[in-house]
Amino acid sequence: MSTILLPIAVIFMDFKTALVLVAITHLSGILGAATFFRQGLDKRLILLFGDPSVILTVLGAYIVIYVPQNILTIILGIFLLLFSIYSLGHPDFKDQRRET
């Protein structure tokens, strides 16, 4: 979802505000999913993925504070361009979460 929402949000607002909007959207989705699937939550997976996610989110927040917005926008653009080229060059590339 961030791959689509963040670039669109950056068109209409500054980078920091767009990140907050995406963060709120993700937080809402995570809380909704955790509430809906609370019986099946795997505590080991939460620790395995949740802790690094929180640490890297805090690191990312510091990067946004200290790195100029135009550089962040360029980095985002380069990432999206490379991701698009890779996806087009590898038609078998797909979301692994959907395979069962």
Side-chain angles (χ1 to χ4, degrees):
M1 183 170 69
S2 295
T3 307
I4 296 170
L5 182 58
L6 186 58
I8 292 172
V10 168
I11 293 171
F12 298 105
M13 56 191 73
D14 66 298
F15 200 86
K16 291 178 185 177
T17 306
L19 282 177
V20 170
L21 174 68
V22 171
I24 291 170
T25 305
H26 276 292
L27 184 60
S28 301
I30 290 169
L31 291 175
T35 302
F36 188 73
F37 296 109
R38 65 182 170 270
Q39 301 299 335
L41 290 177
D42 185 349
K43 309 264 188 290
R44 183 180 155 270
L45 283 178
I46 292 173
L47 290 175
L48 185 66
F49 290 101
D51 289 347
S53 297
V54 170
I55 292 167
L56 291 173
T57 299
V58 171
L59 178 65
Y62 280 111
I63 289 172
V64 169
I65 292 171
Y66 296 109
V67 176
Q69 179 176 336
N70 60 340
I71 293 175
L72 293 173
T73 305
I74 291 169
I75 291 170
L76 176 64
I78 291 170
F79 168 76
L80 290 173
L81 181 65
L82 293 175
F83 182 77
S84 300
I85 291 169
Y86 182 82
S87 296
L88 289 171
H90 295 84
D92 57 334
F93 177 69
K94 57 185 165 184
D95 188 358
Q96 298 298 319
R97 294 175 294 171
R98 295 179 190 218
E99 289 185 10
T100 54

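Just so you know, these numbers use all the heavy atoms, side chains as well, and skip hydrogens, waters and symmetry mates. Note that the numbering runs from 1 along the sequence shown for the chain.
- Residue pairs meeting the side-chain hydrogen bond (donor to acceptor under 3.5 Å, both in side chains) criterion with at least one member in residues 5-29, sequence neighbours excluded: Ser2-His26, Asp14-Thr17.
- The hydrophobic cluster containing Phe79 also contains Leu72, counting ILVMFWY residues as joined when their side-chain heavy atoms lie under 4.5 angstrom apart, directly or transitively.
- Judged as a side-chain hydrogen bond (donor to acceptor under 3.5 Å, both in side chains), not a single pair has a partner in residues 51-72 (not counting sequence neighbours).
- To the nearest 0.5 Å, atom CG of residue Leu21 and atom CZ of residue Phe12 are 11.5 Å apart.
- Between atom CG of residue Leu19 and atom CD1 of residue Ile63 there is a gap of 11.0 Å, rounded to the nearest 0.5 Å.
- Here Leu80 pairs with Thr3, Pro7, Leu76 under the side chain to side chain contact (heavy atoms under 4.5 Å, CB included) rule; sequence neighbours left out.
- With a 6.0 Å radius and a threshold of 12 heavy atoms from other residues, nucleotides or ligands, Leu47 has its CG atom above the threshold.
- Every side chain to side chain contact (heavy atoms under 4.5 Å, CB included) that Leu82 has, sequence neighbours left out, goes to Ile78.
- Note on Ile75: it clusters hydrophobically with Leu59, by side-chain heavy-atom contacts below 4.5 Å among ILVMFWY residues.
- When the side chain to side chain contact (heavy atoms under 4.5 Å, CB included) test is applied to Leu27, the partners found at least two apart in sequence or on another chain are Leu31.
- No continuous path of hydrophobic side-chain contacts links Val58 to Val22 [ILVMFWY only; heavy atoms under 4.5 Å].
- Listed by chain and number, the hydrophobic cluster partners of Ile85 are Leu81, where partners are ILVMFWY side chains within reach of under 4.5 Å, directly or through others.
- No continuous path of ILVMFWY side-chain contacts below 4.5 Å connects Leu6 to Ile30, so the two sit in separate hydrophobic clusters.
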